[in-house]
Every structure is written in structure tokens, then in C-alpha cells.
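What you see below is based on every heavy atom in this structure, not just the backbone, and it leaves out hydrogens, waters and symmetry mates. Numbered from 1 within each chain, the chains take letters A, B, ... in sequence-line order.
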2 protein chains.
Amino acid sequence: MSPISIAAPPSATPGFDPASRFPPGFLEGFGVRDLPGGYLLATPGQPLDQVFIVRSGRVRVYLASEARELSLAILEPGDVFVTHTPTFVQTLEPVTLWVLGTREFAARLAREPSITPAIMRVLGRILSNAVALVEDLAFRDVPARLARFLVRQAEQRGVMEADGCLLPLRLGTEDIACLLGTTRQSVSSQMNQWQREGLLTRRSRHALLIHDLPALALRSLASSG
Amino acid sequence: MSPISIAAPPSATPGFDPASRFPPGFLEGFGVRDLPGGYLLATPGQPLDQVFIVRSGRVRVYLASEARELSLAILEPGDVFVTHTPTFVQTLEPVTLWVLGTREFAARLAREPSITPAIMRVLGRILSNAVALVEDLAFRDVPARLARFLVRQAEQRGVMEADGCLLPLRLGTEDIACLLGTTRQSVSSQMNQWQREGLLTRRSRHALLIHDLPALALRSLASSG
DNA sequence: GGTGTTTTGTCGGCTGGCCGACGGAAAGCC
DNA sequence: GGCTTTCCGTCGGCCAGCCGACAAAACACC
């Protein structure tokens with residue numbers, strides 16, 4: 001999950017084994033935890049430091065003020081995160097996680113230093129994503145953010161077809177708006193604008209057909225400052 | 001340097017030894033590098049991965065679009081950073097750094113696992129700061145961001161006096177605007193607004209006297225969404 | 001202390017995008 | 001199929017804050 005995303009790894013092909021992402025034996029020591037959908041597993045208030053990896057299901061990481069929410073990432077199987085940051089973390093559906101306390105994790109690293117470089121890469125990627133998110137908010141207007149979002153989604157999940165790139169979306173308009181730091185209305189109107197221009201077609205509520213990907217990419221360049 | 005800041009450690013008291021922040025012997029292996037003012041030591045393009053620590057002088061970390069710049073942090077002696085992120089890093093004045101390549105750094109961690117927890121704490125703090133920055137941009141309007149900035153500065157560097165808290169500022173209006181993701185004009189007018197309300201006095205170009213810190217803190221709460 | 005340069009204060013116009021409201025469409029549910 | 005509920009599209013009003021422009025002040029340098 002991408003343009004606005006703080007999570008660790010690159011894209012996930014559907015139907016793969018999340019454990020295959022990690023060195024053999026890496027997951028030993030992690031606890032397995034099953035959670036129901038809608039479960040809030042971390043808040044800014046009580047930071048029970050934990051490293052977790054999503055095994056199945058989706059998890060949303062977000063910030064909230066009194067009036068609004070901003071999704072930082074929607075984690076999918078294989079994604080890594082640390083509850084060491086002042087964010088809310090909530091399951092979107094029933095979820096299975098691998099979990100380990102940060103202290104134990106650090107001790108583990110100390111015992112098996114060979115995995116340290118891999119971890120540093122993951123952390124570096126998380127930080128890079130956070131920086132990219134700041135860049136998006138500071139420099140790009142809503143159309144550009146939305147275009148970027150769609151292009152990235154297409155790169156990750158798009159399926160080429162005769163008349164364009166079919167993009168299965170598991171998010172509603174409101175969810176997208178929340179990822180982009182804007183409103184339902186702005187996303188909706190922009191999307192329909194592009195539909196009228198022939199850039200894309202709303203195939204169904206959860207599928208989008210992008211006809212002109214390059215044109216979208218063009219609109220994803222900075223234009224708000 | 002704070003409300004908008006991605007850098008690692010808490011505040012620095014002036015005239016301290018930056019090396020004292022780290023475990024004895026930690027800095028062995030680091031190279032020492034002297035750079036002139038205005039030197040650009042990293043850009044998003046070529047990520048020569050390095051871990052560096054500021055020994056003296058100030059360093060600015062920022063993002064740039066064609067039309068605008070956003071400062072992520074102004075690093076001071078003792079601050080740690082990684083050029084592993086797609087940002088610009090530039091010296092503001094002549095600077096001395098301790099530098100080590102990320103590969104060597106990781107190897108070092110692998111050899112001396114005892115310092116790993118400390119490093120994870122530093123990375124966690126950097127990430128938390130980045131998240132806080134996103135929060136600022138997404139949820140707070142300009143007055144709130146500015147108020148927060150001033151309050152934090154006061155906490156870190158302010159000197160209590162009879163008629164308030166004297167705040168030595170090494171930044172101009174434009175620099176502050178750049179840290180807050182806004183414009184010179186907005187900062188200026190808001191500051192003078194508060195001056196008229198008696199909250200603060202512009203003592204000189206580089207010094208500010210804050211009379212009513214609590215009132216400022218009140219204005220630093222979210223109000224743009 | 002005069003003179004050029006940089007920094008700051010202020011104003012008005014303009015606009016992106018938020019907000020509230022409401023009708024229509026799709027999807028779930030029996 | 002009918003019903004309910006959730007989701008989506010669109011419009012008009014409104015406002016924060018950016019932009020350009022210019023004057024005044026602070027500072028630096030001789």
C-alpha cells in the first residue's frame with residue numbers, strides 16, 4: 001500500500017507465503033496472535049513496544065485528531081511494523097500476526113547479529129516512506145496525490161488487459177481519501193473528472209480500469225507548490 | 001530543532017561535548033570530516049549511505065520541489081542522521097562531522113551487539129519525529145504550528161527572565177516558515193498579531209521575548225481539521 | 001554615519017479544497 | 001423481488017493561506 005505509506009516492504013503478490021520473506025528460522029521466538037476485525041492494537045497513549053509482522057489479513061496504521069483521520073499505511077501479509085511510534089494501529093478484518101516485544105527483539109539481534117543488516121534495511125525503508133509521505137502532503141495537491149496513488153497501485157496490483165490496466169481495489173472512496181489526507185468529495189469529483197476525460201473507467205465498486213496510465217503519471221507530478 | 005524535526009536526539013545544551021552523548025569508544029572507526037558552509041552533502045539522487053553525527057556547526061535536512069523547500073530538521077552538535085533517505089542535506093556553516101558508511105556501521109553493530117538497543121532507540125525516535133511532522137502538516141493550521149514551534153523552542157533554549165522567557169533564535173522568518181511548511185508572510189503576520197496581543201515581543205532580529213507561554217501553548221492545539 | 005543590501009511588515013486578490021446537504025446508485029439481506 | 005443500508009456523485013458557499021508587490025526597517029560594511 002503505497003504513495004502514502006509508512007510500512008516496510010515492497011509489494012506483495014497475492015497468495016504467497018509471508019514467511020518466505022524472512023531468513024529461515026527468523027520467525028522463531030515470535031508469538032502468534034489472532035485478532036478479530038476492528039481490534040485496536042496500539043494507540044499513541046500506551047506504547048507497548050512490539051515488533052509485528054502480518055501473517056494474514058489487513059491492518060491499518062493511522063493518525064487521528066478530533067475531527068479527522070489520516071491513514072499512514074494499510075499493512076498486508078508480509079508487512080513489518082513497530083508500535084514504537086505515536087500512531088493508532090487497528091485490524092481491518094480478522095488478522096493473524098507474528099509478535100515480539102522490542103526488548104526481546106533487540107536481544108535477539110544481539111545474539112544473532114547476522115540479521116542486523118536486513119533489519120536496518122527495513123527500518124530505512126520505513127523511514128523513507130515516511131519522508132515520501134511528508135513530501136506528498138507538503139508539495140502535491142489533491143489531483144497529483146490521487147494520480148500518484150493510482151499509478152503506484154497499478155504498478156503493484158494492476159493486471160494488463162486489452163483496453164488498459166485493471167486495478168482491483170479493496171478500498172472505498174472514503175478510505176482512499178483518508179490515505180491521501182483529503183476528503184471523500186475531492187477524491188470522488190476528481191475521479192469522475194478523469195472518467196469523463198477517458199483516462200479511466202469505474203468498472204465496479206471495487207475495480208478500476210485505467211486506460212491511459214502515462215497520462216495519469218503526468219498528472220502525478222508536483223503542482224501545488 | 002523541533003516541532004518539525006526528523007532528527008534524533010533531544011535538546012542540546014550549548015557548550016557541551018557532543019561525544020559525551022555516546023558510549024565510550026562508540027565513535028572509534030568513524031571518520032572525521034570538515035566541510036565548508038553551504039556544502040551539499042547528500043541529495044535524493046545519489047544515496048551514498050552514511051551514518052553521521054554532528055560534532056560542530058549546523059546542518060539542514062530538507063525536501064525540495066521546483067517551487068518550494070521544506071526543512072525537515074536543523075541538526076546541531078550531537079545529532080545523528082542517516083543519508084539513507086531521499087532528502088537534501090546541506091551545511092549551514094562550517095561543520096565537523098563523524099562519518100561512517102552504513103555497511104561498516106552494520107558490520108560494527110554485528111561485532112558489538114551491545115550497542116544495538118541504543119541504536120534502535122535512536123531510530124525509533126527519528127521515526128517518531130517523522131510521524132509527528134506528518135501529524136503537524138495534516139492536522140494543524142499555520143498559527144498552531146507556529147505556536148508549537150515557539151513553545152518547543154522555549155522549552156529547549158528559553159531563558160527565564162523577569163518579564164518572560166527569552167528565546168535566542170538563530171533563524172530568520174523565512175527559515176522558520178520553511179521549517180513549518182508555510183510562507184514568510186504568514187509567519188510574519190501571525191507573529192506580529194501575537195505581538196499586538198501582548199503575548200510576545202520581538203527583542204531583536206535574533207531574540208524573542210515570550211511573555212505568556214501558556215497562552216501560546218493553548219494556541220498550539222490542533223485547529224485546522 | 002552614510003549607503004547598499006538583506007530582512008521584515010502589510011495589503012488585496014485569488015483559489016484549492018473543506019464543509020454541509022441531498023439525491024441517486026449499488027450492494028447486502030430476507 | 002422488495003427493502004434497508006451503505007456508498008457515491010455533485011453542487012454552492014466559504015475560508016485559510018499562497019502569491020505578488022511594495023515600503024519600511026534592520027543590519028553590515030566601509
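- Not one side-chain nitrogen or oxygen of B/Thr183 sits closer than 4.0 Å to the OP1 or OP2 atom of D/dC19.
- When the P atom of C/dG20 is taken as reference, atom CZ of A/Arg68 falls 11 Å away, rounded to whole Å.
- Closest to the A/Arg184 side chain, of the nucleotides C/dT8, D/dC8, D/dC18, is D/dC8.
- A/Arg219 has a carboxylate O that lies under 4.0 Å from a charged side-chain N of A/Glu197, or vice versa, which qualifies the two as a salt bridge.
- Closest to the side chain of B/Arg205, out of C/dC18, D/dC8, D/dA25, is D/dA25.
- When A/Thr87, A/Val134, A/Val61 are each tested for a side chain to side chain contact (heavy atoms under 4.5 Å, CB included) with B/Val131, only one passes: A/Thr87.
- OP1 and OP2 of C/dT8 both lie 4.0 Å or more from every side-chain N or O belonging to B/Ser188.
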Please report the C-alpha distance between A/Leu41 and A/Thr91 in whole Å, then the side-chain angles of each, then the deciding distance to 0.1 Å, and finally whether the side-chain contact (heavy atoms from CB on, under 4.5 Å) criterion is met.
CA-CA 8 Å; A/Leu41 67 120; A/Thr91 62; 3.8 Å; yes
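- At a threshold of 4.0 angstrom between heavy atoms, the contacts of A/Ser189 with the nucleic acid are absent.
- In this structure, the NE2 atom of B/His206 is 19 Å from the P atom of D/dA25, given to the nearest Å.
- In the set D/dG17, C/dT10, C/dC19, the nucleotide with an atom closest to the side chain of B/Val142 is D/dG17.
- When the nucleotides C/dC18, C/dG9, D/dG9 are ranked by their closest atom to the side chain of B/Asn192, C/dG9 comes out on top.
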Please walk me through it: do B/Arg145 and B/Glu135 pass salt bridge (Lys or Arg N to Asp or Glu O under 4.0 Å)?
CA-CA 10 Å; B/Arg145 297 211 288 276; B/Glu135 202 164 359; over 6 Å; no
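- We find that CG of B/Leu208 is positioned 18 Å from P of C/dT7, with the value rounded to whole Å.
- Put simply, CG on B/Leu171 is 13 Å from P on C/dT7, counting in whole angstrom units.
- Between the side chain of B/Thr201 and the backbone N or O of B/Arg203, no donor-acceptor pair lies under 3.5 Å.
- A distance-only check finds a donor-acceptor pair linking the side chain of B/Gln90 to the backbone of B/Gly38 [under 3.5 Å].
- Separating the CZ atom of B/Arg170 from the P atom of C/dT7 is a distance of 15 Å, rounded to the nearest angstrom.
- Distance A/Met191 CE to D/dC8 P: 9 Å, rounded to the nearest Å.
- In this entry the distance linking CD of B/Glu174 with C1' of C/dT5 reads 15 Å, nearest Å.
- Within residues 193-204 of chain B, no residue approaches DNA chain D, by heavy-atom distance under 4.0 Å.
- Between the CG atom of B/Leu70 and the C1' atom of D/dC18 there is a distance of 15 Å, rounded to whole Å.
- Picking from C/dG17, C/dG9, D/dG9 the nucleotide with the shortest atom distance to the side chain of A/Ser186 gives C/dG17.
- Among the candidates B/Arg55, B/Arg157, B/Arg60, B/Arg21, the single residue satisfying the salt bridge (Lys or Arg N to Asp or Glu O under 4.0 Å) test with B/Glu76 is B/Arg157.
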